[in-house]
Amino acid sequence: MEMQKTYNPKDFEDRLYSEWMEKNYFRAEADPSKIPFTIVIPPPNITGQLHLGHALDNTIIDALIRFKRMQGYSALYLPGCDHASIATEVKIVEEMKKEGLTKKDVGREGFLKRAWAWKEKYGGRIVEQMKKMGVSCDWSRLAFTMDENCSRAVREVFVNLYEKGLIYRGDRIINWCPGCKTALSDAEVEYSEDASYFWHLKYPVKDSDECIVVATTRPETMLGDTAVAVNPKDKRYEHMVGKTLVLPLVGREIPVIADEYVDMEFGSGAVKITPAHDPNDFEVGLRHDLPVIRVMNDDGSMNENAGEAYKGLDRFAAREKIVEDLKACGALVKIEPHAHNVGHCYRCKSTVEPIVSKQWFVKMAPLAKPAIDAVARNKIKFTPERFSKIYFNWMEGIKDWCISRQLWWGHRIPVWYCQNCGEMIVSKTDPSECPHCGSRDLKQDEDVLDTWFSSALWPFSTLGYPEKTEDYAYFYPTDVLSCGYDIIFFWVARMIFSGIEHTGKVPFRDVLLHGIVRDEQGRKMSKSLGNGIDPLEVIDEYGADSLRFSLITGVAPGNDSRYSRGKVESARNFMNKIWNASRFVLMNAEGVKIPPMGDIKLASADKWIISRLESCIKEVTLNMGKFELGIAAGALYDFLWSDFCDWYIELCKSSLYGEDQAKKAATLSVLCFVLENALKLLHPFVPFITEEIYRNIPGTKGSIMVSDFPRYNSKLSYKKEAKAFEPVMDVIKCVRNMKTSVNCPPSKKVKLYIAAQNKRILSANSGAIAKLAGASEIEFIESAAALSEKTLSQVTETCTVFVPLGELVDIDKERDRLTKELERVVGEISRADGKLHNRGFVDKAPKNLVDAERAKLEKFIEMKEKIEKQLKNL
RNA sequence: GGGGACGUAGCUCAGUUGGUUAGAGCGCAUGCUUGACAUGCAUGAGGUCAUAGGUUCGAGCCCUACCGCCCCCACCA
């Protein structure tokens with residue numbers, strides 16, 4: 001094969017992906033002879049296109065899946081999308097607005113038609129993007145939260161929960177988004193501190209000169225006040241309890257009540273109670289049987305209960321007018337600046353209003369308990385572990401989950417109301433008549449379910465639940481759930497309690513959380529900042545492998561990371577390095593009959609690289625198991641670039657360019673062996689380049705995707721041999737160093753004298769040393785005494801290397817260098833000596849460490865003597 | 001109010017159960033058209049591991065305190 005001089009991913013990425021698809025490699029079978037390994041995708045919203053967060057999701061998951069697949073598991077990466085009820089609906093409404101249309105104009109049916117068209121368009125686009133990333137999803141199982149299976153699961157679950165009494169309908173205070181005109185769950189509200197005010201209002205006591213001062217951050221809600229509460233222990237207000245106040249502007253008479261909820265220390269110690277518009281007030285209202293007066297419409301405007309003066313005004317306009325009016329009638333005591341946490345809709349950012357409303361809820365306490373236990377008893381493990389604490393924290397304080405949404409796009413609530421007798425029918429299938437009165441006049445609940453209600457079922461609804469399908473039996477429970485830590489509450493926690501409740505099993509054993517991909521300056525990527533990065537553009541410029549590698553290297557689980565072009569470039573450079581190293585091997589291998597590794601006698605350098613390879617295999621495998629993908633990728637980077645390219649390939653050149661054909665063939669055998677294994681280790685991270693090269697390595701068959709992942713082989717670990725080889729590299733480094741220190745160009749050939757205890761390994765590699773160090777000749781001597789000419793010299797752990805001084809050398813410079821080196825060695829000696837004179841260390845530290853320290857000390861003392869001799873010689 | 005991180009080279013970050021002389025990438029300096037690669041090669045400079053104590057034979061790592069920065073949750077009207 002003809003390989004291009006530089007790595008060009010466009011030449012092969014798309015081609016290889018199509019081939020993988022054609023050959024059906026992504027397909028996971030329920031094969032009883034294999035062990036299943038399943039990961040379901042965190043389904044991207046169909047609202048738009050993928051961003052770098054999705055790219056990270058996919059890279060991590062695909063790396064795990066490919067790794068397991070190569071290890072022989074039946075590895076299923078189940079892809080799909082989320083209908084994203086509210087988010088998508090917001091988008092479609094925006095889109096319609098451009099055409100001058102509203103939801104009302106097109107009607108429910110027309111709206112849903114648009115929504116499905118949207119899904120086709122954007123869902124399809126997301127699939128294409130994922131393919132560009134190289135992910136090995138089983139596309140035959142592509143799922144969607146609103147497809148038939150998932151919808152059936154939603155109904156099954158809803159009805160089961162309802163029948164168990166875990167779903168109920170009731171009037172409660174919920175978070176209302178006036179922008180989206182729907183209820184939200186607690187999790188869907190984002191709080192941010194806004195500069196606001198405290199308005200202190202004076203409510204007069206009926207038929208008296210007395211009054212009570214209350215403070216509020218939302219003065220417009222005073223129109224719905226139905227009491228003022230004080231603490232029962234509060235002496236200041238003891239006499240007021242039970243009295244009647246006259247609500248300013250409204251004229252309604254409201255009682256003064258006593259309730260523990262009121263904090264005597266805070267403000268005036270008296271609180272206006274608006275049960276319809278505040279969660280705490282609602283509770284107080286229940287305790288005291290207060291009327292609930294809602295003064296706001298669904299769109300945030302004031303309703304008829306607000307009175308003629310304010311009816312129809314937007315809440316913020318009403319606020320201003322009310323403050324004006326209160327001022328005018330003398331009820332406004334003062335205005336105080338106040339930083340206040342205000343809730344905003346996580347989709348449209350409107351200020352959320354707590355409003356009393358009839359909604360559907362999931363009773364959380366009974367579901368939370370087993371979900372907490374599962375993590376506490378290690379049936380589910382969070383990586384990093386610290387997130388389990390966050391999870392506990394949330395689960396333990398959880399409130400009932402408001403699941404109904406006043407939207408059209410989503411799973412319609414499977415509840416029907418008989419228009420004849422008022423019977424409520426909760427059913428898995430559409431009922432045709434009322435079981436109570438037989439009437440056929442049934443009307444389905446208008447609302448849809450929280451989008452997260454269906455995502456919570458994702459690990460099993462996508463596998464066939466509630467049917468007992470083959471897939472469900474084989475692939476469920478899934479193995480790893482990987483996503484960003486930002487959706488622990490929305491998604492992970494809810495999958496856990498749903499899985500346990502509906503399938504009787506935890507939905508996955510491991511939760512692997514990653515951080516947020518930020519921009520170069522560490523800011524979150526967002527539309528408003530315009531700092532988002534389109535993965536496709538990055539892929540277009542650098543290739544999918546470079547993007548994948550850059551996202552995964554140098555990143556620890558759960559930690560945020562920063563995206564930068566520089567990182568992708570450096571990943572791309574690494575790809576280029578792999579490409580060229582492979583090109584080198586393949587070019588040299590051309591036309592050569594390569595013997596199997598078993599048939600050749602390994603040279604010392606060969607054993608060294610094989611040893612390095614084996615420890616790399618060990619490290620990669622171990623770290624993949626611990627989900628430390630960054631460490632695994634880093635180990636591969638070092639192995640390939642430093643060990644393989646910078647050292648081994650360079651060491652090989654003397655035999656590759658030499659006359660000995662058998663030696664050349666043997667070297668190529670090792671080169672191919674190491675390259676092949678390195679590519680396999682890399683494949684989970686960078687699937688395309690590894691596949692493209694793998695096929696051209698002599699002796700390989702088929703696709704790397706379905707090859708066996710390397711296994712650590714202790715017979716090939718060659719620990720001793722690898723250690724024995726190090727002096728060769730030390731000598732080379734020494735000579736290079738000496739040359740640089742005297743500004744001698746590396747290409748200048750010099751004669752070397754080496755005094756070594758064990759010269760066998762060095763002489764066996766003298767060709768390589770000569771080539772890599774730039775030596776013209778190598779002579780072994782007993783000691784410096786044997787030298788008649790003046791030399792430059794450097795001491796390594798095992799030998800001393802001398803280079804004739806010649807006229808190149810700057811003696812002062814050399815003296816400085818030696819003096820510095822001497823200082824360092826003396827420092828080491830005193831450190832080691834101190835350690836060894838420390839009884840505690842000698843007695844308590846492990847023996848091998850103590851011995852190592854002794855050996856080190858000896859070595860340093862020896863080095864010191866040699867350096868001193870050299871200094872004298874100068 | 002409660003909880004969780006982070007602070008290591010100029011920048012971005014690794015550092016696995018405490019144990020060789022604390023690492024990498026980028027940047028910087030110097031020198032190299034060394035028959036795979038300038039998307040490269042070689043060599044080097046650069047760190048009181050935020051600060052102060054403590055535990056230990058031994059601390060970047062464990063404990064305490066403190067400073068700085070960030071995030072999450074809750075929310076007192």
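Residue numbering restarts at 1 for every chain, and letters A, B, ... go by the order of the sequence lines. Predicted model only: the values in this text are computed from it and were never measured.
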Shortest side-chain distance from [X], nucleotide among [options]:
X: L849(A); options: G19(B), C73(B), C75(B); result: G19(B)
X: D646(A); options: A74(B), G31(B), C41(B); result: C41(B)
X: T216(A); options: A36(B), A77(B), U16(B); result: A77(B)
X: W641(A); options: A77(B), G44(B), C41(B); result: C41(B)
X: R562(A); options: C13(B), U16(B), C75(B); result: C13(B)

Whole Å only: how far is the [atom1] atom of [X] from the [atom2] atom of [N]?
X: D843(A); N: U56(B); atom1: CG; atom2: P; result: 16 Å
X: I212(A); N: A77(B); atom1: CD1; atom2: P; result: 19 Å
X: F584(A); N: C41(B); atom1: CZ; atom2: P; result: 14 Å
X: R386(A); N: C70(B); atom1: CZ; atom2: P; result: 18 Å
X: L629(A); N: C13(B); atom1: CG; atom2: P; result: 19 Å
X: E190(A); N: A74(B); atom1: CD; atom2: P; result: 12 Å
X: E520(A); N: C26(B); atom1: CD; atom2: P; result: 15 Å
X: E283(A); N: A77(B); atom1: CD; atom2: P; result: 17 Å

Base, sugar-phosphate, or nothing for [X], non-hydrogen atoms under 4.0 angstrom?
X: G566(A); value: nothing
X: K626(A); value: base
X: Y191(A); value: base
X: Y485(A); value: nothing
X: K739(A); value: nothing
X: R583(A); value: sugar-phosphate
X: R218(A); value: nothing
X: N838(A); value: sugar-phosphate
X: H340(A); value: sugar-phosphate
X: A845(A); value: base
X: F549(A); value: nothing
X: I649(A); value: base
X: N393(A); value: sugar-phosphate

I want to check one thing: is the phosphate of [N], taken as OP1 and OP2, less than 4.0 Å away from some side-chain N or O of [X]?
X: N573(A); N: G40(B); result: yes
X: N737(A); N: G44(B); result: yes
X: K399(A); N: C75(B); result: yes
X: K835(A); N: U20(B); result: no
X: K577(A); N: C41(B); result: yes
X: Y657(A); N: A36(B); result: yes
X: K389(A); N: G4(B); result: yes
X: N559(A); N: A14(B); result: yes

Do side-chain atoms of [X] reach the backbone of [Y] as a donor and acceptor pair under 3.5 angstrom?
X: D730(A); Y: T796(A); result: no
X: K577(A); Y: Y637(A); result: no
X: N588(A); Y: F584(A); result: yes
X: R572(A); Y: S546(A); result: no

Pairing check on [N]: which nucleotide meets the Watson-Crick or G-U wobble criteria with it, both distances under 3.5 Å?
N: A42(B); result: U30(B)
N: A9(B); result: none
N: C70(B); result: G4(B)
N: A50(B); result: none
N: U20(B); result: none

Tell whether [X] reaches the base of [N] with its side chain through a donor-acceptor pair below 3.5 angstrom.
X: R572(A); N: U39(B); value: yes
X: N576(A); N: C37(B); value: no
X: E650(A); N: A42(B); value: no

Please state whether the rings of F387(A) and Y485(A) are parallel, tilted or perpendicular, taking 30° and 60° as the class boundaries.
-> parallel
Looking only at non-hydrogen atoms, find the nearest pair between P384(A) and P557(A) and report the distance.
-> CG-O, 3.3 Å
Identify the heavy atoms of L56(A) and G515(A) that sit nearest to each other, and give their distance.
-> CD2-O, 4.0 Å
Interatomic distance at [atom1], [N] relative to [M], whole Å:
N: G47(B); M: G7(B); atom1: C1'; value: 14 Å
N: A9(B); M: G60(B); atom1: P; value: 15 Å
N: C66(B); M: A52(B); atom1: C1'; value: 7 Å
N: C13(B); M: A74(B); atom1: C1'; value: 33 Å

If each of K859(A) and R839(A) is mapped to the nucleotide of RNA chain B with the nearest heavy atom, which maps nearer the 5' terminus, i.e. the 5' end?
-> K859(A)
When G630(A) and K771(A) are each assigned the nearest nucleotide of RNA chain B, the 5'-most assignment goes to G630(A)
Measure from NZ or CZ of R218(A) to the centre of the six-membered ring of W199(A) and say whether it is under 6.0 Å with the direction within 45° of the ring axis.
-> no
Using 4.0 Å as the upper bound for N to carboxylate O, is an ion pair formed by R565(A) and E541(A)?
-> yes
